[in-house]
K.L.:
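Below you will find the structure I want to go over with you.
Quick caveat: nothing in here was measured; it's all calculated off a predicted structure. Letters go in sequence order (proteins before strands), and every chain restarts at 1. Side chains are part of it too, since the values below use all heavy atoms of this structure and drop only hydrogens, waters and symmetry mates.
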Amino acid sequence: MTALDNESRTDPAVPLLQTRPIRTRVAPSPTGDPHVGTAYVALVNYIFAKQNGGTFLLRIEDTDRARSTLESEAAILTALRWLGLTWDEGPDIGGAHGPYRQSDRTAIYARYADELLERGHAFRCFCSPERLAAMREAQRLAKQPPRYDGHCLKLDRVEIDALVAEGVPSVVRMKVPDFGVCVVDDLRRGPIEFEWHAVDMQVLVKSDGMPTYHLANVVDDHLMEITHVFRGEEWVSSAPKHLLLYSYFGWEAPKLMHLPLLRNPDKSKLSKRKNPTSILFYARMGYLPEALLNFLGLLLVSSSEGSEVMSLDELTKRFDIANISLGGPVFDVPKLDWLNGRYLRELAPDALFERVRDWGFDRARLVKILELAHARIERLSDLGELTAFFFAGRLPITKERLLDVKLPPADVRKALALAMWGLDAERVFDRSVVERVLKSIGETLSAKFRDVARLFYVAITGSPTSVPLFEAMELLGRDIVRERLRVALEQVGPPPSAAEQKSWRGAAAPEELAT
RNA sequence: GGCGCCAUAGUCUAUCGGUUAGGACGCUGCCCUUUCAAGGCGGAGAGACGGGUUCAACUCCCGUUGGCGCUACCA
């Protein structure tokens, strides 16, 4: 199967000749845990590149200076490598089209933004956030499509220079036609039409000088010679802007294909409030990378009959763009469980031993666990019960056990929520961070720490008495801890409402984003 | 509110105008078995609704409904 075949399938009248070597990419934003959605998107791009003898690369989209972290970037690399989705070019290994981290490419974007400015395809905008908010509100009330009203388009050269000299902050916006339609040709969906007058004049360069996703993405995909982009459905509505930028620059746009978004069991977009979404969680939980990959692959390649157990190679052989279904698939953990069981059972005892050791019984970890248990055992056989929670995923916790503490039930809920949010907000996850976060919860609730601690002992270790908590949490790791807190919270009541979130933490919960 | 995407069992899907609508997970019955799993063999369970087009519609078209996404100086 070649790219040519795939294209003729969606548009038989105009078979485009694929002249450039196939190059695909995954371009995650390092703003949180490596998301399974990122793995899903990476998988398609990887498979498509390999199937066509092409190149698959990894690019880090860290233009959001406030939210991007090096920790997150490292975790993404680790997670994708764990899955076996290796890239041919990337920030860690370099390549002929580097650098592969957008924050290292700011000079490049500035140059292209200037070019658009000079050629009249973009303009400087000095509007305040307040004015923009008021404008959008008015448009909503008037049932108009939300769109920049062109206020700063009327500024002349002299006025612009004066404002810049005054030091008034500004952004660069792209110009968008007022009439006509834009046709986005999706590899799988076919043509999608958008009225230009409903497409916003997107900001391309923020007031801090950093490009937005839209500019950086287009410039990089061009410079990195990307030929095919498989990305999440959330990008469909910004495709017209991207296509317009390609035409402003006079560049050939890559072929686009938008993938449906992974869903929670209730069909909402997969989110960590309702489900574990981190690849690292699935690793810590004891899923095998090949099982997770196979599971995600089943959403791209379907077998009409027979076994659904497929290796990456087999998925690659059978992949066909025309067969990707477009309904948003539920991330069905029970099916993943079954698949993982299949893989586990096929392992020879020795191989299984190695997997188990690598998963949670390596010497270094075991020694740390023994240190914690050491003073608390009288017989070696006490170890089993005392340390079992280190080798478990979710714990069979009951509401009664969780509420059996010297805290009012409402505070139990609040404490668990605060712990989840507080720990998520931390870049590093170690005993001292855990201690600081948990103790601050005690202060917030004006409760004795020992009473707060008891609750977390139950939620995390399954018992009000166990080995030292902070160290245990560090060894358990962020992902298992988050899941145990989430499950505990679920036990004691409904998820925190928007109002509760606001009053408890003073802001809305940031939701993680997939690529 | 605006724009867009999507729609076969609880879930993932096959079907690309004519099928008893096929498979997988889950559920369930039986077999195997010292228990439980695993495994084998069965079972229940689906085309959202309403209009067209057609000899014929799950399949094509339109509408409705529902789900989802975007609507940021986040990606």
Side-chain angles (χ1 to χ4, degrees), chain A residues 9 27-32 35 38 60-68 102 125 127-129 132-133 136-148 169-173 184 186 188-190 192-200 202-217 231-241 258-270 295-309 322-339 341-342 344-345 510-515:
Chain A
R9 202 175 294 268
S29 180
T31 53
H35 198 279
T38 303
I60 296 295
E61 307 225 327
D62 59 347
T63 52
D64 183 345
R65 285 205 290 211
R67 298 198 307 144
S68 298
Q102 292 186 328
C125 172
C127 293
S128 67
L132 294 171
R136 289 187 192 110
E137 183 55 26
Q139 287 165 338
R140 178 185 283 264
L141 255 38
K143 303 192 176 192
Q144 293 294 308
R147 192 196 200 217
Y148 182 68
S170 67
V171 300
V172 175
R173 281 180 191 279
V184 175
D186 186 280
R188 176 65 231 279
R189 293 163 209 255
I192 305 171
E193 293 191 1
F194 294 85
E195 299 277 349
W196 278 123
H197 72 78
V199 175
D200 201 4
Q202 186 63 49
V203 170
L204 299 177
V205 181
K206 309 177 220 177
S207 56
D208 67 358
M210 290 293 271
T212 57
Y213 168 86
H214 306 281
L215 208 218
N217 181 268
R231 46 155 44 161
E233 194 177 5
E234 66 221 281
W235 296 110
V236 171
S237 51
S238 31
K241 298 165 193 169
H258 296 90
L259 297 153
L261 262 19
L262 267 24
R263 310 288 181 89
N264 293 311
D266 67 3
K267 294 280 189 177
S268 58
K269 171 170 145 179
L270 192 65
F295 175 73
L296 292 171
L298 249 19
L299 307 178
L300 300 164
V301 177
S302 50
S303 61
S304 54
E305 202 108 338
S307 175
E308 293 188 317
V309 181
N323 287 340
I324 299 178
S325 50
L326 298 175
V330 169
F331 191 89
D332 189 35
V333 177
K335 182 136 186 185
L336 207 210
D337 289 340
W338 166 79
L339 247 189
R342 288 285 306 254
L344 246 18
R345 271 173 250 127
E511 193 61 294
E512 78 287 356
L513 298 148
T515 306

K.L.:
For the P atoms, the ones on B:G45 and on B:A21, what distance do you get once it is rounded to whole angstrom?
P.N.:
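Pairwise P distance, B:G45 against B:A21, rounds to 13 Å.
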K.L.:
At under 4.0 Å between heavy atoms, what does A:L339 touch on the DNA or RNA strands: base, sugar-phosphate, or nothing?
P.N.:
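Nothing, no heavy atom under 4.0 Å.
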K.L.:
Considering only atom P, compute the distance from B:C25 to B:G39 and round it to an integer number of Å.
P.N.:
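Here B:C25 and B:G39 have their P atoms 8 Å from each other.
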K.L.:
Considering every strand and a 4.0 Å limit on heavy-atom distances, what is the contact class for A:P146: base, sugar-phosphate, or nothing?
P.N.:
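Touches a base.
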K.L.:
Give one of base, sugar-phosphate or nothing for A:V203, where a contact means two heavy atoms less than 4.0 Å apart.
P.N.:
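Counting heavy atoms under 4.0 Å across all strands, the contact made by A:V203 is with sugar-phosphate only.
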K.L.:
Looking across every strand, which nucleic acid part, if any, lies under 4.0 Å from A:E233 by heavy atom: base, sugar-phosphate, or nothing?
P.N.:
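Result for A:E233 = base.
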K.L.:
Angle class for the A:W235/A:H214 ring planes (parallel below 30°, perpendicular above 60°, tilted otherwise)?
P.N.:
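Rings of A:W235 and A:H214: perpendicular, as their planes differ by over 60°.
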K.L.:
Base, sugar-phosphate, or nothing: which does A:R65 touch, judged by heavy atoms less than 4.0 Å apart?
P.N.:
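No contact.
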K.L.:
Is A:E233 salt-bridged to A:K269, cutoff N-O under 4.0 Å?
P.N.:
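So A:E233 does not pair with A:K269 through a salt bridge.
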K.L.:
A:Q139 CD to B:G1 C1': how many Å, rounded?
P.N.:
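Spelled out: CD on A:Q139 to C1' on B:G1 is 11 Å.
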K.L.:
Looking for any heavy atom pair under 4.0 Å, which part of the strands does A:R136 touch: base, sugar-phosphate only, or nothing?
P.N.:
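A:R136: backbone/sugar contact only, no base atoms under 4.0 Å.
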K.L.:
With a non-hydrogen cut-off below 4.0 angstrom, is A:F295 in contact with a base, only sugar-phosphate, or nothing?
P.N.:
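A:F295: no heavy atom of the nucleic acid under 4.0 Å.
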K.L.:
Determine the contact category for A:S207: base if any of its heavy atoms lies under 4.0 Å from a base atom, sugar-phosphate if only primed atoms, P, OP1 or OP2 are that close, otherwise nothing.
P.N.:
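The residue A:S207 makes base contact.
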K.L.:
Less than 4.5 Å apart, any side-chain heavy atom of A:D332 and any of A:W338?
P.N.:
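A:D332 does not reach A:W338 side chain to side chain.
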K.L.:
Please state how far atom CG in A:L299 lies from atom P in B:C25, giving the value in whole angstrom units.
P.N.:
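After rounding, the reported distance stands at 16 Å.
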K.L.:
Using both distances under 3.5 Å as the test, list the Watson-Crick or G-U wobble partner of B:C60, or none.
P.N.:
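Pairing partner, where one exists within any strand: B:G52.
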K.L.:
Is A:R345 touching bases, backbone alone, or none of the nucleic acid, heavy atoms closer than 4.0 Å?
P.N.:
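Touches sugar-phosphate only.
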K.L.:
Under 4.0 Å, heavy atoms only, any strand: does A:S68 hit a base, just the sugar-phosphate, or nothing?
P.N.:
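If one applies the 4.0 Å heavy-atom cut-off, A:S68 turns out to touch nothing in the nucleic acid.
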K.L.:
Of the nucleotides B:A14, B:G69, B:C68, which one has an atom closest to the side chain of A:S237?
P.N.:
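Closest of the options to the side chain of A:S237: B:G69.
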